[in-house]
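Right, one structure below, let's go through it.
Counting begins at 1 with the first residue of the sequence.
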Amino acid sequence: MTVAMLRYVLRRSTKSVTASSYFSSRGLSSAPAPERKVAILGAAGGIGQPLSLLMKLNPHVSRLALYDIAGTPGVAADVSHINTRSEVKGYAGDAELGEALEGSDVVVIPAGVPRKPGMTRDDLFKINAGIVKSLCEAIAVHCPKALVAMISNPVNSTVPIAAEVFKNKGVYDERRLFGVTTLDVVRAKTFYAGKANVNVAEVNVPVVGGHAGITILPLFSQATPQANLSDEQISALTRRTQDGGTEVVLAKAGKGSATLSMAYAGAIFSDALLKGLNGVPDVVECSFVQSTVTELPFFASKVRLGKNGVEEVLGLGPLSKFEQQGLEALKPELQSSIEKGIAFVRDN
């Protein structure tokens, strides 16, 4: 596939995402684009490699730093041959992490191990928590003002881990830390469009709560365009959105998880962060952030992005009875996951 073809695909597939498509005229101007450095931590992995490719195509990126424990020089060399604006450099191993982070405006973290069949989010936590903690300690030293987009699962716990690390280092700014829940939105849009028989490019569905199982709450009552779906259909769509990750894990039969769709979602969200930094107005995405929308300290909802990261955490809007029940049901599990992340930093 040529660069022109891939750009066309991206242009078509992201057309429906308000202020989040790569090449929308709204996000570009005749003025020179600001210099923006993006660092991807975990760039040699299953998510990191396609994410690196997509960020190389992003016209808002002037420098792209690709970091992993190994393998990144090759990924960087490969991606660097693409004839787009950004300069690419690969970094490998602990000794080069600081240089990879220095001067970064946005840091995206897909590092860690993927889910495998039979693996719970708990199992995943035990492995990925330590990885996230060490990376965030480096961010606190080398680029404390960067916007940090957390992909590493379980996001419901890794975002609180990052927050506690930054607090301990004296650099925490709740406006600059994000859990990437965009894949839940992408799935909800796709599944809704298929069931409602509408053009997916015109669909919008907010997804709130968290980023695992029942904590994922798509608000199909607020979906546009509206469709006359039955309660049973809404319930089935909700379950499929919640179980989307498991669906992919099972389909890959133990050989991977949702890497390509997650890379796409991560690129969409990173693009939104960059547009916000560059002053593009009305950039709104769903994200897992520090929040007062509910009694929980972190919660995913619509967030207005700007030059300092979070400009405004938006409310939930009107909920159906089914969604209100889902909201109450998710709270204990989400609270437990948040507390688990906080406790990990306290005890380690």
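The aromatic ring centroids of Phe178 and Phe269 lie less than 6.0 Å from each other. Checked against a 6.0 Å centroid threshold, the rings of Phe322 and Phe220 do not count as neighbours.
In this structure, Phe166 and Tyr172 have parallel ring planes: the angle between them is below the 30° cut-off, well short of the 60° mark.
Looking only at side-chain heavy atoms (C-beta outward), Tyr91 and Leu101 stay at 4.5 Å or farther from each other. Using a 4.5 Å cut-off on side-chain heavy atoms (C-beta onward), Phe288 and Val208 make no contact.
The two residues Ala33 and Pro59 come nearest to each other via the heavy atoms CB-O, 4.4 Å. Residues Ala65 and Lys37 approach most closely at CB-CE, 3.7 Å, considering heavy atoms.
In the displayed structure, Lys167 atom NZ is contacted under 6.0 Å by more than 12 heavy atoms of other residues, nucleotides or ligands. By the 6.0 Å contact criterion, CG on Asn348 is enclosed, its count of non-hydrogen atoms from other residues, nucleotides or ligands being greater than 12. Heavy atoms from other residues, nucleotides or ligands lying under 6.0 Å from CG of Asp347 number more than 12. Under a cut-off of 6.0 angstrom, the local environment of CD in Glu102 is crowded, with over 12 non-hydrogen atoms contributed by other residues, nucleotides or ligands. Atom CD1 of Ile69 has 12 or fewer neighbouring heavy atoms from other residues, nucleotides or ligands inside a 6.0 Å radius.
The closest side-chain donor-acceptor pair between Glu35 and Ser62 falls under 3.5 angstrom. For the residue pair Thr215 / Asn156, a side-chain donor-acceptor distance below 3.5 Å is found, with atom types taken as modelled. A donor atom on one side chain and an acceptor atom on the other are found under 3.5 Å apart for Arg36 and Asn278.
Within the model, atoms CD of Glu247 and CZ of Arg240 stand 4.5 Å from one another, a figure rounded to the nearest 0.5 Å. With rounding to the nearest 0.5 Å, the separation of CZ in Arg187 from OG in Ser261 is 5.0 Å. To the nearest 0.5 Å, atoms CD1 (Ile161) and CZ (Arg346) are separated by 12.0 Å. Interatomic distance, Ile234 CD1 to Leu229 CG, rounded to the nearest 0.5 Å: 4.5 Å. Atom CD1 of residue Ile47 and atom OG1 of residue Thr259 lie 7.0 Å apart, to the nearest 0.5 angstrom. One finds the CG atom of Asp271 at 10.5 Å from the CG atom of Leu54 (value rounded to the nearest 0.5 Å).
In the hydrophobic clustering of this structure, Leu51 does not group with Val248; members are Ile, Leu, Val, Met, Phe, Trp, Tyr whose side-chain heavy atoms approach within less than 4.5 Å, directly or through other members.
Remark: the backbone N or O of Gly98 is not paired with any side-chain donor or acceptor of Tyr67 at under 3.5 angstrom. The backbone N or O of Thr84 sits less than 3.5 Å from a side-chain atom of Lys56, completing a donor-acceptor pair. No donor-acceptor pair under 3.5 Å is formed between the side chain of Thr181 and the backbone N or O of Asp184.
A salt bridge is defined here as a Lys NZ or Arg NE, NH1 or NH2 lying under 4.0 Å from an Asp or Glu carboxylate O, and Lys331 with Glu295 meets this definition. Salt-bridge formation is not detected for the pair Lys133/Glu164: no Lys NZ or Arg NE/NH1/NH2 atom is positioned less than 4.0 Å from an Asp or Glu carboxylate oxygen.
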Side chain to side chain contact (heavy atoms under 4.5 Å, CB included) assessment of Leu277 paired with Val106
CA-CA 9 Å; Leu277 283 174; Val106 174; 3.9 Å; yes
Chi angles and distances behind the side chain to side chain contact (heavy atoms under 4.5 Å, CB included) call for Cys286, Val303
CA-CA 6 Å; Cys286 291; Val303 174; over 6 Å; no
